[in-house]
Amino acid sequence: MLLLKSIVLQWLYVGLMAPFLCGVIIKTKALVVGRVGPPLFQPFYDLLKLTRKQNVYSQTTTFIFRCAPVVVLSSLLILSLFIPLISQPAPIRFAGDILMFVYLLGIGRFFLIASSFDTGFSFAGMGASREAFFSCFTEVAFFMNLIILALLAQSISLSQMIGASTPLSWPLFGPALILVVSSLFLILLAENGRIPVDDPATHLELTMIHEVMILDYSGRDLAAMLYGAMLKFLIFAGILVPLLVPVRLGQAFPDLLVFTAGLIAIAVLVGIIESIMARLRLNRVRHLLLAAFALAFFGFIVTLWSRL
Amino acid sequence: MLFAIVAVPFFSGMLMFLPFSKPVRLWFVLGAAFAHLVFCGCFWRSMPCSEFNEFLTLDPLGLIVLSIISGVFCLIAVYAIGYYVHEQRSNRTFCACLLFLLASMTLVTLCNHLGLLWVALASTTLFAAPLISFHRCPESLEATWKYLLVCSVGVALALMGTFFLAFAGHEVQTLFLSDIINGKILLSGRWLKLAVIFMSVGYGCKMGLAPMHSWKPAAYGQATGMVAALMSSVVTLCSFLAFCRIGQICAKSGLSDFYSSLLFIMGGLSLVIAPVLILGEGGLKRVLAYSSVENMGILVLGLGFGGLGVFAALFHMVNNALSKAVMFLTAGSIAQKYGSTRVSHVRGVVHAYPVTGVFLLIGLFAGTGMFPFATFHSELMVINAAIISRHYGLAALFVASLSLMFIGMTRIIFEMSQGPATAPVLAKQENFWMNVAIALPVLALVILGLWMPAPLEIMLRKAAGLLTPGVV
Amino acid sequence: MMTTWINASCILVVFLALSILASYRMAGMIHLFAAQSLVVGLVPLFLRQFSLSQNDLMIVAITIVSKSFITPNILFWAIRHVPTRAEVKPLIGIGASLLVSALLIAVAFWVAASLQLPGLSKSNLVLPCSLAAVLLGFMLLVTRTRAISQVVGYLVMENGIFLFALSLFDAMPILIEMGILLDVFVAVFIMAIVVNHINEEFSRQPMTLVRSKMGENT
């Protein structure tokens, strides 16, 4: 009963925050360049509009194309249950849940790539190959970061690593945490297709990665895919916030407020970065991701050194 | 007094930036060199006491190196007067850098503090670099850049070694050489070993020992004769002085065997690599550069053998400086006359310029260690030391290396001096000043080969006594 | 508490060295080096726990001014006429450089751990990080073909050595530290002048040092 209640509450929170964060990013980008921009809740309206529209399926697609939105959305919804809301442990937690985390992400990614090949559309294939390539690097870097956090927190459950009641203290672990946080931030930008890795606003064939894979979707399927992308952003930001904010007030509601504030801060930061930088050439994206890996590796060595 | 001998060249160097005419600057340089020589002579008569809170002192080893620097510098100054008769380029930077280089080399010999030693050695690198790119053509700029980078990196490694050395002290951390030698400070194992390795590799880069020798052929090949003579005779000597100081510290701390094996590795590699690489060369100055690498290997090996070997190494220091001066200055004369020192361009020097040609042949014999030149005795002493200390393998390597070196140098020098004469480019006549500058060290080498003056022998023994207990 | 600040500065120094290795624009490299020198210059403040003698204050001020402000300006002066401000053809690509530098950092930490040198507190990251910075600077120097990149590599090495010196002991007389700083400064000055000459000589060619057969000259 308690589990059901926590799942429902978590889904309620996550479900409403995800499009809100997307709206924050768009609003920040508009404000930085001096425009007023769309209202903060615009993504909600867009999703609602899409659910009322009809699905159109191309004749070259098979059942994979119809499955993919379901798989992607469901995997991400389950993933959102793994994230602890600061001191509140996650609804799903067990030793080794970080591995499940990475593999759930992987399954969603696999179906996304498979569906874009399924359309027989060459640009979708191009985007899929880029996504597969970059995910090689991001997964390695992400694993490295998880190993560091596991070593620091002496546990392999995500809730205990970042959701513990005593946070990983910066005075003790400062150096390694700087590196983990910078590496995770780069991974966040890469996995969610933000500038400098991908431009979420462009629909030019040569420059899309995530956008091109969902180009053929319409109606409710498109709403599912877009919502999945928003959930993914919240998940990654949700891993970053407890590390950045070592505050544990002990009670549910104030901690939730702190978490929300942290998420909004990260969304604003991403918005600012998107406004001041241009997208990197695809060659250089590889360097960026290798840099994320190198930072994580360095953090790993520092962690090993301090445990000598 | 000690401050004066450093200050005079330094301030003369500053004066070079005033608008004098070319000949005036050269006579000024000669004057500063002569003043330096006079100071040196005073020090031979009575050793000065330490100044500046023990930062500067003069011991017998430093005095020998100082005299070599002084002597060779005077020769260069005399040679420059003759060289500039046919040279159009302004000599403002040249003279200034020469004098600053003299000042920093003098400072190296006077240092009692290892940090100050580092500062002085780094300065010698910096002031020698503009001298190499004298002619500003692309190849010489590339050679300068290679020299600057390799030596700066080496010197940076040596700096790290110096810091490790300071950290090696037990209770007190100090870098004063006299404190370490007199046993006031004890140095402990691991930090000291690390320091010795870093400092040897670093200063070895600067000296041109293999495997850090790659800048030598480029730099000496591109530099003019005077600059190459200065660098190969005395600038490398300054880094050898640093090696000797490390040797003193090791002897005091009981790491002599460790240091000797390090020196054997570096010296042995130089003796192996230099003859192998010399056999394909076609330019005189590059051949002389490899000869310089080999001689540095000989010096370092002698230092490693201990006992007689140290005496031999110090004597070889003197002889090498003089013989390299002869060879490089002759190469400079040839370069000025023919526009190049490659075998393809220069033939029959003996027929066109008899004096220079004879000097070329004398330089060959002096450099490769033939009787009656002093290099014969010093190299024989090193072999003797190798056999006494039972390093038969190294002795055999030494002899083989010398023979191969002889073959390599003879091939190119005989080709250049004999044969039908090719037409010279400039300078139809021999120059008096340049010939005097070459004749003096030849004379010195012959005299030293036949008779060792007593003051020199006493000073050499005292210096060797500083480095090793059992001097023959 | 202070140990954390010192450790954080050491990490930042290596982090910045890694960023320099990952960049291919000369201007970016020089700015990152200026930031790194600033961090190295601030280390004495953390060491002495903010109670500084006049000597220390002077060292901090001179280090920061000469390395963070004057040296980058000299380097920018040396490349003022160069049209292409990017690395033309490094010996190994940036991706490979990043992987090799991660390996070098591991090597530096391994060396520092296996040496077990007495006198260093175990939680101190200074020795491995300064060794790592030296190795990374050396790698930058060896794998880049443009002269200014090589100068920046040398300067990163010097930063690493200086980090070690500043952190580990206070036996160095002020005069010698000034002498070392002056030497590095003069080194940069002379290197910049030589680079300037190189630029003038090679003004019509792309800015790599030509690996020509070594000629000879008088």
Side-chain angles (χ1 to χ4, degrees), chain A residues 133-134 136-138 140-141 143-145 147-148 151-152 167-186 190 196-197 244 246 277-278 280-308, chain C residues 1-25 28 39 46 86-87 90 92-116 120-129 131-133 136:
Chain A
F133 182 53
F134 292 148
C136 292
F137 297 115
T138 58
V140 174
F143 251 123
M144 203 87 232
N145 282 311
I147 292 177
I148 298 175
L151 280 175
L152 287 179
L168 292 173
S169 59
W170 278 78
L172 267 183
F173 300 118
L177 278 182
I178 297 177
L179 294 167
V180 166
V181 162
S182 29
S183 182
L184 276 177
F185 191 72
L186 288 175
V197 175
L244 273 177
M277 283 186 73
L280 287 176
R281 272 170 55 184
L282 285 175
N283 256 357
R284 313 277 185 210
V285 174
R286 176 174 54 108
H287 299 326
L288 185 76
L289 296 176
L290 278 174
F293 171 70
L295 287 175
F297 189 69
F298 182 29
F300 176 60
I301 294 176
V302 170
T303 318
L304 285 182
W305 169 271
S306 48
R307 287 158 63 84
L308 263 184
Chain C
M1 183 61 196
M2 273 305 150
T3 325
T4 318
W5 280 103
I6 301 174
N7 284 348
S9 329
C10 298
I11 297 283
L12 209 56
V13 166
V14 181
F15 177 88
L16 287 170
L18 208 63
S19 330
I20 294 180
L21 262 167
S23 74
Y24 52 93
R25 281 176 27 239
V39 174
F46 303 137
E87 184 66 48
I92 60 179
I94 293 186
S97 315
L98 279 172
L99 290 174
V100 172
S101 42
L103 203 66
L104 284 178
I105 295 177
V107 165
F109 272 79
W110 176 77
V111 166
S114 62
L115 283 178
Q116 288 169 18
L120 281 179
S121 55
K122 277 301 166 64
S123 62
N124 217 344
L125 278 173
V126 167
L127 179 63
C129 281
L131 277 178
L136 289 181

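In this text, all values refer to a predicted model and were calculated from it rather than measured experimentally. Any value given below was found using the heavy atoms of this structure, including those in side chains, with hydrogens, waters and symmetry copies removed. Residue numbers start from 1 in every chain, and the chains themselves are labelled A, B, ... in the order their sequence lines are given, proteins ahead of strands.
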query: Using non-hydrogen atoms only, which part of Phe293(A) is less than 4.5 Å away from chain C: side chain, backbone, both, or neither?
result: side chain
- request: Sort out for me which of Ser19(C), Gly93(C), Ala22(C), Ala106(C) touches chain A most, counting heavy-atom pairs under 4.5 Å.
  value: Ala106(C)
- request: Below 4.5 Å from any heavy atom of chain A, which atoms of Leu21(C) appear? Answer side chain, backbone, both or neither.
  value: neither
Between CZ on residue Phe134(A) and CG on residue Leu288(A), distance to nearest 0.5 Å: 9.5 Å
message: Nearest 0.5 Å, please: how far is CD1 in Ile94(C) from CZ in Arg286(A)?
response: 9.0 Å
message: Can you tell me which of Ala132(C), Pro128(C), Ser9(C), Cys129(C) forms the most heavy-atom pairs within a distance under 4.5 Å of chain A?
response: Pro128(C)
field: Leu127(C) CG to Phe109(C) CZ distance, which is reported to the nearest 0.5 Å
entry: 9.5 Å
message: Using 30° and 60° as the class boundaries, would you call the ring planes of Phe300(A) and Phe297(A) parallel, tilted or perpendicular?
response: tilted
- prompt: How long is the span from the CD1 atom in Ile301(A) to the CG atom in Leu304(A), to the nearest 0.5 Å?
  reply: 7.5 Å
message: Report which part of Leu18(C) has an atom under 4.5 Å of a heavy atom belonging to chain A: side chain, backbone, both, or neither.
response: side chain
- prompt: Under a 4.5 Å heavy-atom cut-off, does chain C meet the side chain of Leu179(A), its backbone, both or neither?
  reply: side chain
